[in-house]
Novice: 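Here you go, one structure.
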2 protein chains.
Amino acid sequence: MADSGGHPESEELTLGPILMAIADPLRRHVVAELAREPDGAERNCSSFALPVSKATRTHHFRVLREAGLIRQIDYGNCRKSQLRRAEIETKFPGLLALILANA
Amino acid sequence: MADSGGHPESEELTLGPILMAIADPLRRHVVAELAREPDGAERNCSSFALPVSKATRTHHFRVLREAGLIRQIDYGNCRKSQLRRAEIETKFPGLLALILANA
DNA sequence: CGGCAGGTTTGATATACATCATACCTAACC
DNA sequence: GGTTAGGTATGATGTATATCAAACCTGCCG
């Protein structure tokens, strides 16, 4: 089961939703940006300058979260995103490198 | 440009269409099956026992072909599919292993 | 020749997806 | 308190995608 924030557990990460998520160029861009940051880095949604409305942005970050690619931490009026790097690397070794190399 | 059969050149392989293609479970299954075969193996579409109609099958194989994942060879009344293994492995190292490990 | 099996094409349909505008929530700041 | 900034929720819309049925093509086989 996913936690209350809609984050799947590490053991629940499956390739299908992950591929669905990163098939979208905007979402792939977000993952690539986060992968370039040092591990554990947090960024808020608006820092990615996506060329879409706020609502659409929320939608994309939700897909990334539900696929298990990012963890979102609620700070009240601000929500920061963190790449679930180690878990992804364990379950899907090479995936992040692939995205980075083709970003 | 793609050749007359709709196959992109090796240099034209891009991650976007590839991910779009393997995001679908049926298509991912086909790629995994082909990846399990010895290199260069050819299989006709109907040998995958996909639970869809012939027309839908044609559609899925077309997506795989246009993404550059498979090469389709026309034998007149039969069309065989071949994984473009070396080209994929060169451009996107680890991708096939990832699919195989999660099939 | 006539049928059959493997595939494609076309046209239709239904569902999923990306997108936006609007309204709303929460904390910070003046 | 009012405003502003970051984000979410809802509802609507347009487009893409998956799906199928029906008609067709190609080679093979009886």
Side-chain angles (χ1 to χ4, degrees), chain A residues 2-7 14-34 37 41-83, chain B residues 2-7 14-31 33-34 41-83:
Chain A
D3 72 359
S4 55
H7 297 93
T14 51
L15 192 54
I18 298 255
L19 290 177
M20 281 290 291
I22 60 175
D24 183 278
L26 261 57
R27 293 192 292 255
R28 198 160 65 247
H29 171 73
V30 168
V31 172
E33 287 275 299
L34 282 172
E37 301 275 344
E42 297 179 357
R43 285 182 56 174
N44 55 348
C45 303
S46 54
S47 75
F48 294 96
L50 302 181
V52 290
S53 74
K54 288 196 301 179
T56 304
R57 197 161 48 201
T58 297
H59 159 70
H60 284 305
F61 276 87
R62 184 225 283 254
V63 174
L64 287 173
R65 165 169 35 91
E66 294 183 343
L69 284 163
I70 63 172
R71 177 166 283 117
Q72 280 184 298
I73 302 148
D74 197 351
Y75 288 108
N77 67 343
C78 183
R79 182 171 286 199
K80 305 241 181 176
S81 295
Q82 205 177 38
L83 187 64
Chain B
D3 70 359
S4 55
H7 298 93
T14 52
L15 194 53
I18 298 255
L19 291 177
M20 283 288 292
I22 60 176
D24 184 278
L26 262 57
R27 293 192 292 255
R28 198 159 64 247
H29 174 251
V30 169
V31 172
E33 287 275 299
L34 282 172
E42 296 179 357
R43 284 181 57 175
N44 54 347
C45 304
S46 54
S47 75
F48 294 96
L50 303 181
V52 290
S53 73
K54 290 195 300 177
T56 304
R57 199 162 46 201
T58 297
H59 159 70
H60 284 306
F61 277 86
R62 184 226 285 254
V63 174
L64 288 172
R65 167 168 35 92
E66 293 182 343
L69 283 163
I70 64 172
R71 177 166 283 117
Q72 280 184 299
I73 302 148
D74 196 351
Y75 288 108
N77 68 342
C78 182
R79 182 171 287 199
K80 305 240 178 177
S81 295
Q82 206 178 37
L83 187 63

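Throughout, protein chains are lettered first and strands after them, A, B, ... in sequence-line order, and every chain is numbered starting at 1. All values below come from the heavy atoms of this structure, side chains included, with hydrogens, waters and symmetry mates left out.
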Novice: According to salt bridge (Lys or Arg N to Asp or Glu O under 4.0 Å), does anything in residues 19-28 of chain B pair up with another residue at least two apart or in another chain? List the pairs.
Specialist: none

Novice: Among residues at least two apart in sequence or on other chains, which ones pass side chain to side chain donor-acceptor pair (under 3.5 Å) with B:S47?
Specialist: B:R43

Novice: So where does chain B start and stop touching DNA chain D, 5' to 3', when the test is distance under 4.0 Å to a non-hydrogen atom?
Specialist: D:dT17 to D:dG27

Novice: Find out whether A:I73 and A:E42 are in side-chain contact, i.e. whether some heavy atom of one side chain is under 4.5 Å from a heavy atom of the other.
Specialist: yes

Novice: Residues from residues 21-31 of chain A sitting under 4.0 Å of DNA chain D, heavy atoms only?
Specialist: none

Novice: Side-chain contact, heavy-atom cut-off 4.5 Å: A:L34 with A:L69?
Specialist: no

Novice: What pairs meet the salt bridge (Lys or Arg N to Asp or Glu O under 4.0 Å) rule with one or both residues in residues 52-63 of chain A, with sequence neighbours excluded?
Specialist: A:R62-A:E66

Novice: Is the closest side-chain heavy-atom distance between A:H29 and A:L50 below 4.5 Å?
Specialist: yes

Novice: Identify the pairs formed between an N or O of the protein and an N or O of nucleotides 3-7 of chain C at a distance under 3.5 Å, and give each distance.
Specialist:
{"residue": "C:dG7", "atom": "OP1", "partner": "B:C45", "partner atom": "N", "Å": "2.8"}
{"residue": "C:dG7", "atom": "OP2", "partner": "B:S46", "partner atom": "N", "Å": "3.1"}
{"residue": "C:dG7", "atom": "OP2", "partner": "B:S46", "partner atom": "OG", "Å": "3.2"}
{"residue": "C:dG7", "atom": "N7", "partner": "B:K54", "partner atom": "NZ", "Å": "3.0"}
{"residue": "C:dG7", "atom": "O6", "partner": "B:K54", "partner atom": "NZ", "Å": "2.7"}

Novice: Could you tell me if the side chain of A:H7 sits less than 4.5 Å from the side chain of A:R65, heavy atoms only?
Specialist: yes

Novice: Could you state the NE2-C1' distance from B:H59 to C:dA12, rounded to the nearest angstrom?
Specialist: 15 Å

Novice: Does anything in residues 58-79 of chain B pair up under ring pair (Phe, Tyr, Trp, His ring centres under 6.0 Å), and if so which pairs, sequence neighbours excluded?
Specialist: B:F48-B:F61

Novice: If you assign each of A:Y75 and A:V52 to its closest nucleotide in DNA chain C, which residue comes earlier from the 5' end?
Specialist: A:V52

Novice: Using side chain to side chain donor-acceptor pair (under 3.5 Å) as the criterion, list what pairs up with B:T58, not counting sequence neighbours.
Specialist: none

Novice: Of all residues at least two apart in sequence or in a different chain, which pass the side chain to side chain donor-acceptor pair (under 3.5 Å) check with A:T56?
Specialist: A:S53

